[in-house]
Amino acid sequence: MTKAVVLLSGGLDSTTTLAQAIADGCEVTAISFRYGQRHTKELVSAENVCKHYGVAHVVIDLNLSSFRSALTRKDIDVPMDREGELDKEIPVTYVPARNIVFLSIAAGLCESVDADRIYIGANVVDYSGYPDCRPEFFEAYEEMLAKGTKTGVEGKPIKIMTPILRSSKADIVRIGKKLGAPLELTWSCYNGGEVACGHCDSCRLRLEGFKSAGYKDEIPYAPDVVQ
């Protein structure tokens, strides 16, 4: 059986990607990061998703709180109700080089568990303008892994799988539903709390995705949020 490492934040996109890896017949090890983010509710979601599927779950402690981002520093506000198209500028929720760091550690885990591929739920259609979610980034990174890892120089390079890269958020919801992914266990909101705020970029993209796909999002939202 093909072994894969899946980057799992606990959100909609990464959970759908995990479901796809399993549907592809992979034996999965999920990897999540406790990196100094604003809240750890997404890690609880990741744990619950892994329990749902019965897959191995590795959580890495990696303190990125010194990185300048609204997701790692509470002195920077999370943008709420941003106007215009969300992918026209890189917002303050961008964590510098995060995917570079995460993919490097995932590659190390691949070599440690004899996996030959990394699945990541990056998306270039409905996203917040992050530069490390673009196809050219993953192509370049895959080339780097081929030259900078033991498996790569031995002729068995690690592949980076991006199954939802060109899918709209509505399509991701549809894919997740089709695969039976436990989307009700996921968390996407940039803010912590008992309910999702409904106003940050991530919530707005998620809500629009469910609405366009014709489904009601089953996670709880703040009382002022209309679905």
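Just so it is clear, the structure is predicted and the values come from calculations on it, not from any experiment.
- Within the structure, ring pair (Phe, Tyr, Trp, His ring centres under 6.0 Å) pairs that include any residue of residues 9-35 comprise Phe33-Phe102, Tyr35-Phe102 (at least two apart or interchain).
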Let me see the working for His199 and Asp224 under side chain to side chain donor-acceptor pair (under 3.5 Å), right down to the final yes or no.
-> CA-CA 10 Å; His199 297 280; Asp224 65 323; 2.8 Å; yes
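- Remark: the Asn48 side chain and the Ser45 side chain contain no N/O donor-acceptor pair separated by less than 3.5 Å.
- Using a distance-only test at 3.5 Å, with no hydrogens or angles considered, no donor-acceptor pair links the side chain of Thr15 to the main chain of Leu12.
- The pair Lys51-Glu47 meets the salt-bridge criterion, since a charged nitrogen lies less than 4.0 angstrom from a carboxylate oxygen.
- Under a 3.5 Å cut-off, the side chain of Lys211 and the backbone N or O of Lys216 do not form any donor-acceptor pair.
- Although no hydrogens or angles enter the test, the distance criterion places a donor-acceptor pair under 3.5 Å between the side chain of Asn123 and the main chain of Ile164.
- Thr40 contributes no side-chain N or O that, together with a main-chain N or O of Leu43, makes up a donor-acceptor pair within less than 3.5 Å.
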Just do the side-chain contact (heavy atoms from CB on, under 4.5 Å) check on Ser14 and Val6 with the steps written out, would you?
-> CA-CA 8 Å; Ser14 65; Val6 179; 5.9 Å; no
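- Leu109 is connected to Ile105 through a chain of hydrophobic side-chain contacts under 4.5 Å among Ile, Leu, Val, Met, Phe, Trp and Tyr, so both are in one cluster.
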Check against salt bridge (charged side-chain N to carboxylate O under 4.0 Å, His left out), Glu218 and Lys177 | CA-CA 12 Å; Glu218 295 180 45; Lys177 289 289 187 180; 3.6 Å; yes
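- Between Arg34 and Gln37, the shortest heavy-atom contact is C-OE1, 3.6 Å.
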Show the numbers, then the answer: is there a side chain to side chain donor-acceptor pair (under 3.5 Å) between Ser167 and Arg174?
-> CA-CA 10 Å; Ser167 301; Arg174 294 186 189 102; over 6 Å; no
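- Contact detail for Lys41 and Glu194: the closest heavy-atom pair is NZ-O, 3.0 Å.
- Counting heavy atoms from C-beta on, the side chains of Val49 and Val55 never come closer than 4.5 Å.
- Criterion: ILVMFWY side-chain heavy atoms under 4.5 Å apart, direct or through other members. Under it, Met144 and Ile158 are part of a common hydrophobic cluster.
- Hydrophobic clustering places Ile60 together with Ile100 (ILVMFWY residues linked when any side-chain heavy atoms are closer than 4.5 Å, directly or through intermediates).
- Note on Lys169 versus Asp13: salt bridge recorded, some NZ/NE/NH1/NH2 to OD/OE distance being below 4.0 Å.
- At least one donor-acceptor pair closer than 3.5 Å links the side chain of Glu142 to the backbone N or O of Ile160.
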Kindly indicate, with the supporting measurements, whether the criterion side-chain contact (heavy atoms from CB on, under 4.5 Å) is fulfilled by Val5 and Val58.
-> CA-CA 10 Å; Val5 169; Val58 175; over 6 Å; no
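- Taken from CD1 in Ile118 to NZ in Lys159, the straight-line distance is 13.0 Å, to the nearest 0.5 Å.
- Leu183 approaches Arg206 most closely through the heavy-atom pair O-NH2, 3.4 Å.
- In this structure, OG1 on Thr17 lies 7.5 Å from CD1 on Ile172, to the nearest 0.5 angstrom.
- Within the structure, every pair that satisfies the side-chain hydrogen bond (donor to acceptor under 3.5 Å, both in side chains) test and touches residues 148-158, not counting sequence neighbours, is listed here: Glu111-Thr151, Thr149-Thr151, Lys150-Glu154.
- Separation of atoms CG (Leu18) and NE2 (His57) is listed at 9.5 Å; rounding is to 0.5 Å.
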For side-chain contact (heavy atoms from CB on, under 4.5 Å), just list the numbers for Leu7 and Leu103, CA-CA rounded to whole Å, side-chain angles, deciding distance to a tenth of an Å, and then say yes or no.
-> CA-CA 8 Å; Leu7 287 163; Leu103 283 168; 3.7 Å; yes
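- The two residues Tyr53 and Gly180 come nearest to each other via the heavy atoms OH-O, 4.0 Å.
- Proximity of a side-chain donor or acceptor of Arg204 to a complementary backbone N or O of Asp201 within less than 3.5 Å is not detected.
- Under a hydrophobic clustering in which Ile, Leu, Val, Met, Phe, Trp and Tyr are joined whenever their side-chain heavy atoms come within less than 4.5 Å, directly or via other members, Trp187 and Val59 fall into different clusters.
- Scanning all heavy atoms of the two residues, the minimum distance from Tyr221 to Cys203 falls at CE2-SG, 4.1 Å.
- Residues Cys26 and Lys3 have side chains not in contact (no heavy-atom distance under 4.5 Å, counting atoms from C-beta outward).
- In the hydrophobic clustering of ILVMFWY residues, with side-chain heavy atoms under 4.5 Å counting as a link, Leu205 and Val225 come out apart.
- Screening Ser188, Cys189, Cys197 against Ser202 for a side chain to side chain contact (heavy atoms under 4.5 Å, CB included) leaves a single residue, Ser188.
- When side chains are defined from C-beta on, Pro163 counts as touching Tyr119, because their heavy atoms get closer than 4.5 Å.
- Of the possible donor and acceptor atoms, none in the side chain of Ser32 sits under 3.5 Å from a partner among the backbone N and O of Ser9.
- The minimum heavy-atom distance linking Phe138 with Ala122 is given by the pair CZ-CB, 3.3 Å.
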Could you walk me through whether Asp132 and Tyr141 pass the side chain to side chain donor-acceptor pair (under 3.5 Å) check?
-> CA-CA 10 Å; Asp132 53 1; Tyr141 206 90; over 6 Å; no
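- Side-chain contact between Ile120 and Asn99: present, with at least one pair of heavy atoms (C-beta onward) separated by less than 4.5 Å.
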